[in-house]
Amino acid sequence: MSHTDPGPELRRKDPILVVLVGPSGSGKSTWAATHFAPNQIVSSDSLRATVGFGESDLAASADAFAILHQIVEARCRRRLTTVVETLGFDTALRLAMRTMAAANNIECHAVVFDTPPDVCRERNRSRSRVVPANVLTSQFSTMKQVRPLVESEPFERVHINVYRAGSSVPEVRETTNPATSLAAPLERGRGVQFGLHLGEFPARPDQHREHLREVAEAAEQAGFDALWVMDHFRQIPQIGREWDDMLSATSTLGFLAGVTTRVSLGALVNCITHRNLAVLGREVATLDVLSGGRAICGLGIGWHEKEHGAYGLDFPTVTQRYELLEDALQFLPLLWGKGSPSYVGKRFSAPEAICYPRPLQTKLPILVGGSGERRTLALVAKYADACNLFGEADAVRRKLDVLHRHCSDAARDRSEICVTHLSTALVGDTPADVADRVERLRLTKRTLNTHHPGTVEDHIARVDELKAAGVDQIIVRLPKVDADTVSRYGKVIAGVITAAKAGVR
C-alpha cells in the first residue's frame with residue numbers, strides 16, 4: 001500500500017469521478033477543498049441548502065439528491081472532473097456514480113475516511129451546525145458495515161484516508177475489477193469466491209421465514225460472496241421427495257435481498273421454459289434494483305419434464321430449448337439496455353424490448369448452467385459472463401479446455417468468463433465428527449461420494465484443487481442447511497483467506 005496523499009494523483013487524472021465516504025466530521029470537506037476547485041465539488045449539504053431552508057433541512061434531501069444525480073450525470077457526460085461529497089453510505093448511490101463514470105469512459109475512485117470517532121465528535125462540537133450526538137453515533141455504526149462493502153466494490157481504486165494527529169496521511173488500497181461484476185469478493189487477494197446454494201428448506205412452513213433469515217445472515221458473516229436458489233416448482237429427486245417444500249425462486253431471492261447487504265443473489269438457474277423471457281428479465285431487473293445492484297441472471301434449458309407437465313407447461317425438444325436459450329442470451333441485454341428495440345429470434349420475439357426500472361448494474365451478469373461441450377459451452381463463449389460446472393478438478397480442466405477452444409472460435413478472451421462450480425459439502429470438525437454426521441444423514445454408498453464428507457482442512461484442500469483447475473467461485477450445497485452448518489463452512493472460507501494472505505496457497 002502507498003502512503004502518499006492521492007489528491008495530486010487524482011487531480012492529474014482529469015477527468016475523474018471521486019466518491020467520498022465517511023461520517024460527519026471525518027474530514028471529507030477539508031480534503032476536497034484542499035485538492036479540488038469549488039466548482040468540481042458536488043455536495044449534498046450544499047444542495048440541501050439550495051432547495052431547502054439550509055444544510056440541515058432533511059426534508060429537502062430527496063430533491064437535493066435528485067439534483068445531485070443530474071449534476072453528476074451532466075458533468076460526466078461533459079467529461080468534467082467531479083468530487084461527490086455525501087456520507088457515501090448508500091450502496092445504490094455509489095453504484096450509480098460508477099455507472100455514470102463507466103458510461104463516459106471515466107475512472108471512478110473512492111476515498112474512505114478512516115477517522116477515529118473521538119476526532120469526529122471533537123470536530124463536530126466546534127461546528128456552527130452541530131450534528132446530534134445520537135445521529136453521529138449511528139453514522140459510526142453504519143460506517144463499520146459500509147467500509148468493507150466499499151473496499152469490495154469495483155472502483156478503479158479505493159483510497160483509505162488514515163487519520164494521524166496533525167495531518168491526514170492516506171494509504172492507497174488497490175481494488176481489482178473482476179472479469180464481470182459477478183459476486184465481487186469481500187476479501188481481495190484470496191483468488192476464489194464462495195457461494196451458498198439453497199436447494200432444500202428443512203424448516204416447517206411457519207418457520208421458513210426465520211430459518212432463511214438466519215441462514216442468510218450466517219452466510220454473510222461466514223464470508224460467502226453469493227446466495228443461489230433453484231428455479232423448480234417441486235423438489236427434485238436428487239435432493240429429496242417431490243412433496244418436500246420448494247420455495248419460489250423469485251420470491252425467495254426478493255426476501256434474501258431484504259435480509260442481506262453484501263452477497264450477490266441469483267437462481268442456479270432460471271429455467272427458460274418456466275416463464276416468458278421478457279417476464280423473467282423484468283423479475284431479474286427488479287431484484288437488481290431492490291438488492292442495490294446484486295443480481296445475477298442464471299439461465300438453463302431445463303430438464304424436468306414431469307415438473308412441466310404438472311404445471312401445464314410445454315416442454316420443447318432439446319434443440320428447441322437450446323434455440324430458446326440463445327434467444328434469451330441475445331434478448332435480455334437488449335431488455336435491460338437503453339431504448340426499446342424490437343427482437344425477433346428463433347423461438348421468441350418481442351415488438352419492444354423495454355423494462356422499467358432498468359437494472360442498477362451497467363452490465364447485469366448472465367450465467368449459463370450446464371457443461372455440454374458442443375452447444376452449452378459454445379453459447380457461454382459467445383454470450384455469457386459465467387458458466388457453472390460440476391465434477392472433480394480433472395473434469396473441470398477438460399471442460400475449460402473445451403471452453404477455451406470455443407472462446408478462440410468466438411474471438412473472445414477466456415478470462416472474461418467467470419467459472420463457478422457446484423457440489424455438496426459435508427464438513428466436520430474432526431474425522432470422528434465427520435463419521436458421526438455421515439451416520440446421522442444415513443448416506444448410502446451412492447450418495448457418500450457426492451456429499452464429499454471431510455474435515456475443514458480436507459475441504460480447504462479441495463478448494464485449492466478446484467481453484468488450481470480454474471474455478472473462480474466455489475458454490476456449495478450444505479446438507480440440512482442451517483446457521484450452524486453455514487458457520488462451520490465459514491471455517492473453510494477463513495482457512496482459504498488466511499492461507500492466501502500468508503502466501504501458502
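For this chain, numbers begin at 1 and follow the sequence in order.
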Return yes when atom CD of Q221 has more than 12 non-hydrogen atoms of other residues, nucleotides or ligands closer than 6.0 Å, and no otherwise. no

Within-4.5 Å side-chain heavy-atom neighbours: D385 and E416: no

Please check if any side-chain donor atom of H452 sits under 3.5 Å from a side-chain acceptor atom of E392, or the reverse. yes

Mind checking whether Y489 and F224 have parallel, tilted or perpendicular rings, split at 30° and 60°? parallel

Neighbour count above 12 (heavy atom, 6.0 Å) for R282 CZ: no

Pairwise side-chain contact, V112 with M143, heavy-atom cut-off 4.5 Å (strictly under): yes

Check for me whether the distance between the ring centres of F233 and H304 falls short of 6.0 Å. no

Under a 3.5 Å threshold, yes or no: a donor from one side chain and an acceptor from the other, between H421 and N388? no

Does any donor atom in the side chain of D484 or S487 lie under 3.5 Å from an acceptor atom in the other side chain? no

Taking the basic N atoms (NZ, or NE/NH1/NH2) and the acidic carboxylate oxygens, is any pair closer than 4.0 Å for D458 and R462? no

Taking every non-hydrogen atom, the tightest pair across C297 and V284: CB-CG1, 3.9 Å

Aromatic plane relationship, H109 with H159 - under 30° parallel, 30 to 60° tilted, over 60° perpendicular: parallel

Min side-chain heavy-atom separation H211-D482 under 4.5 Å: yes

Check whether the side chains of Y343 and E352 place a donor and an acceptor atom closer than 3.5 Å, and report yes or no. no

Among L198, V263, V215, find the one that has a side-chain contact (heavy atoms from CB on, under 4.5 Å) with L256. L198

Flag if over 12 foreign heavy atoms under 6.0 Å of CZ, R374: no

Taking all non-hydrogen atoms of both residues, which atom of V438 and which atom of P453 are closest, and how far apart? CG2-CB, 3.8 Å

Using a distance-only test with no angle check, is there a side-chain donor-acceptor pair under 3.5 angstrom linking T260 and R294? yes

Flag side-chain contact, heavy atom, 4.5 Å: V419 against Q473: no

Taking all non-hydrogen atoms of both residues into account, name the closest pair between P333 and L329 and its distance. CD-O, 3.2 Å

Electrostatic pair D288:R358 at N-O distance under 4.0 angstrom: no

Would you say the rings of H232 and W303 are close, in the sense that their centroids are separated by under 6.0 Å? yes

R347 and E326 ion-paired at < 4.0 Å: no

Just wondering, do L290 and T286 contact through their side chains at under 4.5 Å, heavy atoms? yes

State whether a side-chain donor-acceptor pair under 3.5 Å links T424 with T450. no

Which of these, D225, D472, V463, sits in a side-chain contact (heavy atoms from CB on, under 4.5 Å) with V192? V463

State, without any angle test, whether R488 and T485 hold a side-chain donor-acceptor pair at a distance under 3.5 Å. no

Pair V471-L389, side chain to side chain contact (heavy atoms under 4.5 Å, CB included): steps then yes or no: CA-CA 9 Å; V471 173; L389 304 177; over 6 Å; no

Checking side-chain polar atoms at under 3.5 Å, does D314 have a donor or acceptor matched by the opposite partner on H308? no

For R397, I'd like to know if atom CZ has over 12 heavy atoms of other residues, nucleotides or ligands within 6.0 Å. yes

Might you work through the side chain to side chain contact (heavy atoms under 4.5 Å, CB included) test for C76 and L17, ending with a clear yes or no? CA-CA 8 Å; C76 286; L17 180 60; 4.1 Å; yes

Quick check with a 6.0 Å cut-off and a 45 degree axis cone: is R98 positioned over the face of F155's six-membered ring? yes

Identify the heavy atoms of R262 and A219 that sit nearest to each other, and give their distance. NH2-O, 4.3 Å

Dump the intermediate steps for side chain to side chain contact (heavy atoms under 4.5 Å, CB included) on M100 and E73, then the final yes or no. CA-CA 6 Å; M100 293 176 193; E73 184 175 24; 3.9 Å; yes

Take atom CD in Q238; do more than 12 heavy atoms of anything else shown fall under 6.0 Å from it? yes

Does a salt bridge link R234 with D244, judged by any charged N lying under 4.0 Å from a carboxylate O? no

Should D409 and K382 count as an ion pair when the cut-off is N to O under 4.0 Å? no

Given side chains that start at C-beta, do those of W228 and L367 come closer than 4.5 Å, heavy atoms only? yes

Using a 6.0 Å distance limit plus a 45 degree cone around the ring axis, check whether R321 lies over the aromatic ring of F315. yes

Using a strict 4.0 Å threshold on nitrogen-to-oxygen distance, state whether R157 and E107 make a salt bridge. no

